[in-house]
Amino acid sequence: MTKKEHLLTIIEPIPGGDTTLDLAHETVARGGTVTVVVFLTDRVERDIRHYAETAGISVREAEAITVRRLRTQCQDRIGDVQLDITRRGSVSSDVVQYITADTTAVAIPASLVSDKLVERIATYSGRPVIVAPYRVPELAA
């Protein structure tokens, strides 16, 4: 019996940091399952603080709004999935804590890739790691 496909999908909520959701959508369309892990990196937290300041709300409220939007975005693109939020420590160690026996591959956005990160995750997990490139903005005609 073949193992059901399960993609660990990493996103960073910045422009271009969610391209792994396209891979997650394809996985679900093929009958597989996905887990989505959102990395709140330093740059994301700066964006949340800026949003809070400009909107005149607390950082906690701004973060809650951001998380709700992410949940909606994920549901719209791939359906009801497990969504975990993590603050960035070491991306490689944070990612591997979400790899389970069911995980068949890991998708990570190019925005989070650093020197040797893909190799470390692949070596530790024994799973293929897919780097999702930035989306090239479409030019107006």
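Atom set for the values below is all heavy atoms of this structure, side chains included, hydrogens, waters and symmetry mates excluded.
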Return the CD1 to CD1 distance between I57 and I48, rounded to the nearest 0.5 Å.
10.0 Å
Going by salt bridge (charged side-chain N to carboxylate O under 4.0 Å, His left out), name the residues that satisfy it together with R30, two or more places apart in sequence or in a different chain.
E5
Nearest 0.5 Å, please: how far is CG in L7 from CZ in R127?
12.0 Å
Side chain to side chain donor-acceptor pair (under 3.5 Å) with Q73: which residues, sequence neighbours excluded?
D18
Closest non-hydrogen contact found for F39 with V44 is O-CG2, 4.1 Å
Which heavy atom in G31 sits nearest to a heavy atom in K4, and how many Å separate them?
O-CE, 3.0 Å
Please name all residues satisfying side chain to side chain donor-acceptor pair (under 3.5 Å) with S58, sequence neighbours left out, ordered by chain then number.
E61
Minimum heavy-atom separation for I130 and A105, please, with both atom names.
CD1-CB, 4.4 Å
Can you tell me how far the OG1 atom of T27 sits from the CG atom of L8, to the nearest 0.5 Å?
11.0 Å
Can you list the steps and then say if V34 with L23 is a side chain to side chain contact (heavy atoms under 4.5 Å, CB included)?
CA-CA 10 Å; V34 299; L23 298 169; over 6 Å; no
dist I10:CD1 -> I121:CD1 (nearest 0.5 Å) comes out at 7.5 Å
Distance-only donor-acceptor pairs under 3.5 Å for side chains of residues 64-71, two or more places apart:
unit_1, atom_1, unit_2, atom_2, d
T66, OG1, A62, O, 2.9

With no hydrogens and no angle check, is any side-chain donor or acceptor of T19 less than 3.5 Å from a backbone partner on P133?
yes
Which residue pairs satisfy the side-chain hydrogen bond (donor to acceptor under 3.5 Å, both in side chains) criterion with at least one member in residues 98-113, sequence neighbours excluded?
E12-S111, T100-T103
Applying side chain to side chain donor-acceptor pair (under 3.5 Å), name anything that partners H6, two or more places apart in sequence or on another chain.
T33, T35
Could you measure the distance from the CD1 atom of I11 to the SG atom of C74? Nearest 0.5 Å is fine.
4.5 Å
Of all the heavy-atom pairs spanning Q97 and D94, show the shortest one and how long it is.
CG-O, 2.9 Å
Under 4.5 Å between side-chain heavy atoms, hopping through other hydrophobics if needed: is there a path connecting Y51 to V59?
no
Please report the interatomic distance CG(D22) to CD1(I78), rounded to the nearest 0.5 Å.
10.0 Å
